[in-house]
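Each remark here refers to the structure printed beneath this line.
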Amino acid sequence: MAGKNDKMERIVALCKRRGFIFQSSEIYGGLAGFWDYGPLGTELKRNIKDAWWKDMVLSPPPGPDGKDIQMVGVDCSIIMNPRVWEASGHVGGFSDPMIDCKECKGRFRLDQVFHVLLKREPNGEPFAACSVESDSPDGAVEAAEAKAKKLSKKHGGGDYVAEAISFESVMTSEELRANLPCPACDKQGCLTEPREFNLMFQTYVGALQDHTSVAYLRPETAQGIFANFKNVMDSTRVKVPFGIGQIGKAFRNEINPRNYTFRSREFEQMEIEFFCHPDEGRKWWEYWRDVRLNWYEHLGIAGDNLRPREQEEEERAHYSQACIDIEYLFPFSDEPQELEGVAHRGCYDLSKHGQYAKGKENAFAVIDEQTKERFVPHVIEPSAGADRFTLAAITEAYTVDENRASPEFMKFHPRLAPIKAAVFPLVAKDGMPEIAEPIYRQIREEYTCQFDTKAAIGKRYARMDEAGTPFCFTIDGQTKEDGTVTVRNRDDASQERIPKEGCLKYLKEKLAR
RNA sequence: GCGGGCGUAGCUCAAUUGGUAGAGCAUCAGCCUUCCAAGCUGAAUGUUGACGGUUCGAACCCGUUCGCCCGCUCCA
């Protein structure tokens, strides 16, 4: 494993040295879970987002029937009405107080642990107690059966009645808590007081800071799309089936951000919500699964490191009918990590907003003009992490070849490369810079390009290798004689000669989608 | 959030254990250089992660805090 971590450390070092990724506010000691993209990283990430937008929203592959599919884009605000997060379940379901066991390090949701009292009939005198995890009091009694039997035996056996009390009611008293046993290890008095673990960042809207003005930074971009479903339908003439795409920041106050930029507290998502007839959910889910997988492969995230993994039924959210995680094996882990999930979410989200948005009960149903059928569309959600893809592109591109002058270089897909080309005079004299400069100016009109006259040519090539620049045009002594320049290919350091007027055309051909 | 380790120039590391922080690489300038990090000359670079304490004196000892790494935990 040392070798693997070593690789990750080298990648992190290269990213800093060459200006791909910096720690946020580094001069003040940084802040866990936040990262900045430097000049090269910014170009790389923008290329990724542009490729996604172009390939998924502006010009997506033909649908299952071979015809064009309908896609439009939105760009929603980060702070929304807090009711959105009640409807989505982010406020209710994921802000529960938790308690920890200091002994066994177990963590429990306060509303899912119960104190089970064993009472002796007929006077109902409790003689023993234990704790268990369960989602209901009845379930708690059942779950406590084995523990209760043991406890009963310890206290002389005989008949008893078990009664479950929620921890919520017991925890209010310091005295009672001091004696509560842990549901996992049964040790007494080692539980912490209940603590809130809401993963949403909170803020206040307006000058008044109280509970009436609380708002949240969105923990996902999807809800802005759902909330605008009707607006998009009313303003664009799209009809089901169609999709809405969005690229934007989202925020999760992760307990423990780790693994470089992989689990950040501020991150960018590239999401599609595709709306279709309930009967066609499976078909569209398969379409998007294939489209998304092909996209990664097309951009060079291919081979053994890319691991699509269909989720088992137990693993999926209760409303989800199918889900595939597109995972990537990063050097920092033995387990593949999720880059994207393509989920079949049924009508869960639209129905929820129908319930929560007052007077909008019918806003999310559509009518099929042919059959007059009225239905709430089902949703297929390909949700990708832009920063995760960026990190995958970086680790996938990172190549070691000790035989080269540049033993480390970045083999980005040309479409993703931050710098597309460099123009070098072989030496800074004999009129070579004068020939090179106009070529550089011409390329710069359309592509990121660098011009460098300094240092030995090998050093300049090596610098471009670390930046992942796929092509370098070099003006040499022969250029003045026959008007040709050399093109150096990053991947194998091979060279060919082309007419000096043909540099831009050459790039256009190589960088075509 | 818990336990363990760590923090010195952009990077890799020194500093005789409490006595004014230095080297290589990289960077920049000049010379030289006709295809893969060559050479020569010169230059710049640090509140030793931050804050506080002990001391005549702290990179070094103590406390707090921030960050990084490893293992748990978490990951809608």
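Predicted, not measured: the structure shown is a model, and the values here were computed from it. Chain identifiers are assigned alphabetically (A, B, ...) following the order of the sequence lines, protein sequences preceding nucleic acid strands; residue numbering begins at 1 within each chain.
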> How many Å lie between CZ on Arg10(A) and P on C69(B), as a whole number?
Replying inline: 17 Å
> Starting at the 5' end of RNA chain B and moving along, which residue's nearest nucleotide shows up first, Gly30(A) or Phe251(A)?
Replying inline: Gly30(A)
> If we take the P atom in both U48(B) and U20(B), what is their distance in whole Å?
Replying inline: 15 Å
>> As a check on the pairing definition, encode RNA chain B in dot-bracket form, counting Watson-Crick and G-U wobble pairs whose two distances are under 3.5 Å, and using | for partners outside this strand.
In response: (((((((..((((.....[..)))).(((((.......))))).....(((((..]....))))))))))))....
>> According to side chain to side chain donor-acceptor pair (under 3.5 Å), who are the partners of Asp476(A), at least two apart in sequence or on a separate chain?
In response: Thr479(A), Arg497(A)
> Partners of Tyr260(A) by ring pair (Phe, Tyr, Trp, His ring centres under 6.0 Å), sequence neighbours excluded?
Replying inline: Trp35(A)
> What pairs with Glu396(A) under side chain to side chain donor-acceptor pair (under 3.5 Å), at least two apart in sequence or on another chain?
Replying inline: Asn305(A), Tyr328(A)
> Who pairs with His413(A) by side-chain contact (heavy atoms from CB on, under 4.5 Å), at least two apart in sequence or on another chain?
Replying inline: Leu299(A), Arg415(A), Leu416(A)
>> Going by the rule side chain to side chain donor-acceptor pair (under 3.5 Å), which residues pair with Tyr216(A) if we only count those two or more places apart in sequence or in a different chain?
In response: none
> Which comes earlier along RNA chain B counting from the 5' end, the contact point of Glu26(A) or that of Leu31(A), where each point is its nearest nucleotide?
Replying inline: Glu26(A)
>> Could you check U17(B) for me: syn (within 90° of 0) or anti?
In response: syn
> Rounded to whole angstroms, how far apart are CG on Asn253(A) and P on G1(B)?
Replying inline: 10 Å
>> Can you tell me which nucleotide in G67(B), C70(B), U73(B) comes closest to the side chain of Gln23(A)?
In response: G67(B)
> Once you round it to whole Å, what is the distance between P of G67(B) and NZ of Lys16(A)?
Replying inline: 16 Å
> What residues form a side chain to side chain donor-acceptor pair (under 3.5 Å) with Asp492(A), not counting sequence neighbours?
Replying inline: Ser494(A)
> Which atoms form the tightest heavy-atom contact between Arg252(A) and Phe267(A), and what is the distance?
Replying inline: NE-CZ, 3.6 Å
>> Between G5(B) and G63(B), how far apart are the two P atoms, rounded to whole Å?
In response: 13 Å
> When rounded to the nearest Å, what value does the distance between C1' atoms of A21(B) and A59(B) take?
Replying inline: 8 Å
> With sugar-phosphate meaning primed atoms plus P, OP1 and OP2, does Ala455(A) contact a base, only sugar-phosphate, or nothing at under 4.0 Å between heavy atoms?
Replying inline: nothing
> side chain to side chain donor-acceptor pair (under 3.5 Å): which pairs involve residues 15-24 of chain A, sequence neighbours left out?
Replying inline: Lys16(A)-Glu26(A), Arg17(A)-Glu408(A), Arg17(A)-Glu466(A), Arg18(A)-Glu466(A)
> Expressed as a whole number of Å, how far does the P atom of G46(B) sit from that of G22(B)?
Replying inline: 12 Å
>> Between U47(B) and U12(B), how far apart are the two C1' atoms, rounded to whole Å?
In response: 23 Å
> Do you know which of Lys249(A), Arg388(A), Lys49(A) makes salt bridge (charged side-chain N to carboxylate O under 4.0 Å, His left out) with Glu268(A)?
Replying inline: Lys49(A)
> How far, in whole Å, is A58(B) from G19(B) if one measures between their P atoms?
Replying inline: 11 Å
>> Protein within reach of the bases, or only the backbone? For nucleotides 34-44 of chain B, mark each nucleotide 5' to 3' as B, S or -, using heavy atoms under 4.0 Å.
In response: BBBBS------
> Angle class for the Phe201(A)/Phe34(A) ring planes (parallel below 30°, perpendicular above 60°, tilted otherwise)?
Replying inline: tilted
> Does a side-chain N or O from Lys454(A) land closer than 4.0 Å to OP1 or OP2 of C28(B), or not?
Replying inline: no
> CD of Glu9(A) versus C1' of U12(B): gap in Å, rounded?
Replying inline: 12 Å
>> Nearest whole Å is fine: how far is A76(B) P from Glu338(A) CD?
In response: 8 Å
>> In this structure, how many angstroms lie between the C1' atom of A76(B) and the CG atom of Asp325(A), rounded?
In response: 13 Å
Atom pairs under 3.5 Å, N or O on each side, protein against nucleotides 47-50 of chain B: can you list them with distances?
none

>> Could you tell me how far apart Tyr348(A) (OH) and A76(B) (P) are, to the nearest whole angstrom?
In response: 14 Å
>> Checking contacts here: which listed nucleotide (C70(B), U33(B), A76(B)) is nearest the side-chain heavy atoms of Ala428(A)?
In response: U33(B)
>> Holding to salt bridge (charged side-chain N to carboxylate O under 4.0 Å, His left out), I want the full list of residues that pass it with Arg460(A), two or more places apart in sequence or in another chain.
In response: none
> Is the charged tip of Arg488(A) near the ring of Tyr461(A): under 6.0 Å from the six-membered ring centre and within 45° of its axis?
Replying inline: yes
Counting only pairs under 3.5 Å, give me each side-chain donor-acceptor contact of residues 437-444 of chain A, with atom names and distances, residues two or more places apart or in other chains.
unit_1, atom_1, unit_2, atom_2, d
Glu437(A), OE2, Arg441(A), NH2, 2.9
Tyr440(A), OH, Arg444(A), NH1, 3.3

> In whole angstroms, how far is the P atom of C66(B) from the CZ atom of Arg265(A)?
Replying inline: 11 Å
>> Could you tell me how far C28(B) sits from A15(B) if I compare only their C1' atoms? Round to whole Å.
In response: 27 Å
> Roughly how far apart, to the nearest Å, are A50(B) and G67(B) at atom P?
Replying inline: 15 Å
